[in-house]
Number of protein chains: 2
Amino acid sequence: MTELTSRRLEIDALRALWAIRHHGGITRAAEVLGLSQSAVSHKIKRLETSLDCDLLSRKPGAPMFTPAGEDLLDYAGRILGLHDEALLSLSKTSLAGRVALGLTEDTTCTDLARILGRFRRLHPNVSVRTKVRMSLILRAMLERGELDAAIIQVFAHEVRPTDLVLFREQLHWVKHPDFALSPEGPVPFLSFDDECFYRRWALDIGQDGGVVLETVFECASAAGIVAAVTSGLGVALLNGRHLQPEMEIITQGLPVPPALAYVVRRGRRVRNPALDTLVGEIESEISRYGGLALVS
Amino acid sequence: MTELTSRRLEIDALRALWAIRHHGGITRAAEVLGLSQSAVSHKIKRLETSLDCDLLSRKPGAPMFTPAGEDLLDYAGRILGLHDEALLSLSKTSLAGRVALGLTEDTTCTDLARILGRFRRLHPNVSVRTKVRMSLILRAMLERGELDAAIIQVFAHEVRPTDLVLFREQLHWVKHPDFALSPEGPVPFLSFDDECFYRRWALDIGQDGGVVLETVFECASAAGIVAAVTSGLGVALLNGRHLQPEMEIITQGLPVPPALAYVVRRGRRVRNPALDTLVGEIESEISRYGGLALVS
DNA sequence: ATGACACATGACAAATATCGATCAGGCCAT
DNA sequence: ATGGCCTGATCGATATTTGTCATGTGTCAT
């Protein structure tokens with residue numbers, strides 16, 4: 001009888017496995033799942049016992065997951081996707097309407113793409129128009145009522161009560177180790193382009209910090225900035241996701257960079273049930289996984 | 001806290017739902033799942049509570065599943081498919097080889113097609129050659145070693161210990177109500193074609209039953225026989241799956257038809273690991289669901 | 001009516017999950 | 001090395017879940 005009973009995966013266990021992968025570790029995953037660390041440890045152990053194979057390698061230095069674990073992880077992702085969609089589909093009302101949504105380039109490659117895709121499937125009568133722009137532009141569009149909502153970056157201290165926080169992020173001053181930062185003279189600054197949000201802050205710091213930045217490089221995409229930093233062109237403001245091993249974080253001589261948040265900010269339009277639902281789905285995804293996966 | 005915990009489907013519950021659909025009822029499903037009837041009833045109730053909606057209608061006469069139930073059933077099927085494939089993929093060895101498999105036309109539209117498809121995906125290095133023929137032909141091919149295994153119909157009393165029984169079936173003599181069966185004279189018989197397996201039995205009964213059959217209609221496909229019966233051409237031997245509401249089962253005046261079984265019968269080739277695995281997968285599918293779904 | 005049948009329900013027992021505490025091993029800075 | 005510090009494993013005590021048995025309720029065919 002154990003033969004049959006044991007060969008059965010549990011949704012919860014799969015979700016735990018997934019969380020471990022996407023938050024890098026059992027302890028982290030446990031927080032996110034709202035469980036104790038031991039509970040998650042047990043869950044995985046049970047899963048391993050029932051499958052009679054190792055999923056986590058438990059060897060330092062080595063990748064956390066065994067090949068079998070990676071395999072299962074793949075299935076887990078697909079199963080969980082279906083599972084969550086099934087739950088949503090049961091609560092689906094025949095929703096119709098329009099949503100004009102703004103995104104930053106950053107967020108297009110997160111779980112949001114997946115959520116939007118699913119939203120379209122579940123609510124085929126809602127037309128979703130998505131525009132990808134820079135944060136400052138999106139804000140202006142929200143102001144002008146051109147968007148119903150947008151996913152934008154804001155300073156952590158500017159988060160409004162009505163914003164839905166997707167995740168928080170810290171900016172860092174970075175440079176290449178070979179690049180020597182001289183205490184005098186203007187600091188060569190590698191900047192995103194005009195409408196970049198960090199840039200405003202960076203250029204403003206001249207006033208109080210006494211540091212003068214000189215923009216020596218401009219590029220709209222993060223990849224360009226990363227390349228410029230690693231070739232030692234100067235210093236840049238980058239978020240944790242873009243840090244490379246060969247970059248050095250500057251802790252001295254420059255003002256502490258601001259904390260950021262990615263939020264869903266709604267426009268002023270009063271009622272939009274389709275948007276309510278979409279935001280609700282994003283929200284429940286966050287509460288289920290304790291945040292969005294940054295890369296998919 | 002219940003908010004998150006409750007909104008979670010359980011694999012077991014989905015499997016129960018699936019079993020209820022495919023075995024037509026809670027009690028039947030319970031047997032198949034190796035549980036008590038109340039256990040399954042509880043399972044579904046819990047599922048309904050956690051989803052806060054009805055899945056089974058519990059109204060006599062009406063379809064057993066609510067629309068929500070049907071919806072979920074669809075997801076359940078997909079989730080269970082992935083789930084089972086995940087389990088299999090973990091035990092997959094890099095299997096290679098060849099399998100020559102025979103099928104009857106009947107079995108092509110059962111779960112077997114699904115299992116074969118999955119088998120190909122999981123073991124891309126195994127080449128599976130499938131031939132669809134009538135049972136008697138398949139037997140001959142097995143004898144000659146042209147097939148490694150075949151799924152054939154046999155009389156229940158002819159099942160060999162080495163056969164794997166997929167499902168059992170009872171044959172019935174059927175006719176249209178308007179067709180009067182006269183006690184004298186030959187009985188007009190609607191027959192599958194030459195190599196049909198029932199036909200042999202039917203023609204043999206002349207000896208002991210004293211009944212003489214006259215074949216008045218021959219057709220290779222079940223659809224043709226069904227049409228002939230409903231137009232009152234004569235009597236036929238049909239299995240339960242092909243019974244139509246307007247058919248009448250004949251219980252008097254003709255010998256009791258034999259019980260049949262669909263089995264996987266292996267050829268005489270000694271070793272074939274790929275075949276072993278395939279048969280194993282079919283077997284575990286059967287033990288998991290208590291048989292194969294006859295129509296997919 | 002009445003028995004057969006299919007399902008629901010409630011009480012209780014067994015299995016199983018979770019938690020908090022504790023322990024063991026690795027990593028890092030002194 | 002050594003002591004903090006972090007991560008994960010393990011243990012015993014509870015809490016929850018899940019199943020079974022016994023029984024109740026409705027429908028249907030006789």
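Order of the sequence lines fixes the chain letters, A, B, ..., with proteins taken first and strands second; residue numbering starts at 1 for each chain. Worth saying up front: this structure is predicted, and the values here are computed from it rather than measured.
Summarising the geometry, the separation between CG on A:Leu47 and P on C:dA17 is reported as 11 Å, rounded to the nearest angstrom. When rounded to the nearest whole Å, the span between CG of A:Asp12 and C1' of D:dT16 equals 13 Å. As rounded to whole Å, 14 Å separates atom P of D:dT16 from atom CG of A:Leu35. Atom CZ in A:Arg28 sits about 13 Å away from atom C1' in D:dG8, given to the nearest Å. B:Arg15 places its CZ atom 17 Å from the C1' atom of D:dT18, with the value rounded to the nearest Å. If you measure from atom CG of B:Leu56 to atom P of D:dG26, you get 18 Å, rounded to the nearest angstrom. Taking atom CD of A:Glu10 as the reference point, atom P of C:dA17 lies 6 Å away to the nearest angstrom. Put simply, CZ on B:Arg8 is 8 Å from P on D:dT17, counting in whole angstrom units.
Dashed line: the shortest gap from a side-chain N or O of A:Lys43 to OP1 or OP2 of C:dT18 is under 4.0 Å. Taking 4.0 angstrom as the limit, B:Lys45 places none of its side-chain polar atoms (N or O) nearer than this to OP1 or OP2 of C:dA8.
Side chain of B:Gln170 to main chain of B:Pro257: a donor-acceptor pair is present (N/O by atom type, distance under 3.5 Å, no hydrogens or angles). In this structure, B:Trp173 contributes its side chain and B:Glu248 its backbone to no donor-acceptor pair below 3.5 Å.
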Query raised in the report: B:Glu70 and B:Arg21: salt bridge (charged side-chain N to carboxylate O under 4.0 Å, His left out), yes or no, with the steps?
Result: CA-CA 9 Å; B:Glu70 290 289 349; B:Arg21 150 63 93 220; 2.4 Å; yes
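Heavy atoms of B:Ala39 sit under 4.0 angstrom from at least one base atom.
One donor-acceptor pair, N or O on each side, does fall under 3.5 Å between the base of C:dG20 and the side chain of A:Ser38. Residue B:Gln37 places no side-chain atom within donor-acceptor reach of the base of C:dA6, judged by atom type and a 3.5 Å distance cut-off alone.
Side chain of A:His42, nearest nucleotide from C:dT18, C:dA17, C:dT9: C:dT18. The side chain of B:Ser36 lies closest to D:dT20 when the candidates are C:dT18, C:dT9, D:dT20. When distances run from any side-chain atom of A:Thr27 to the nucleotides D:dG8, C:dA17, C:dC7, the shortest one goes to D:dG8. Of the candidates D:dT20, D:dA9, C:dT18, C:dT18 carries the atom nearest the A:Arg46 side chain, counting heavy atoms from C-beta on.
Checked options A:Ile282, A:Val159, A:Val263, A:Ile151; the residue passing with A:Leu164 is A:Ile282 (criterion: side-chain contact (heavy atoms from CB on, under 4.5 Å)).
Relative to the six-membered ring of A:Tyr262, A:Arg168 misses at least one condition, a distance below 6.0 Å or an angle of at most 45° to the axis.
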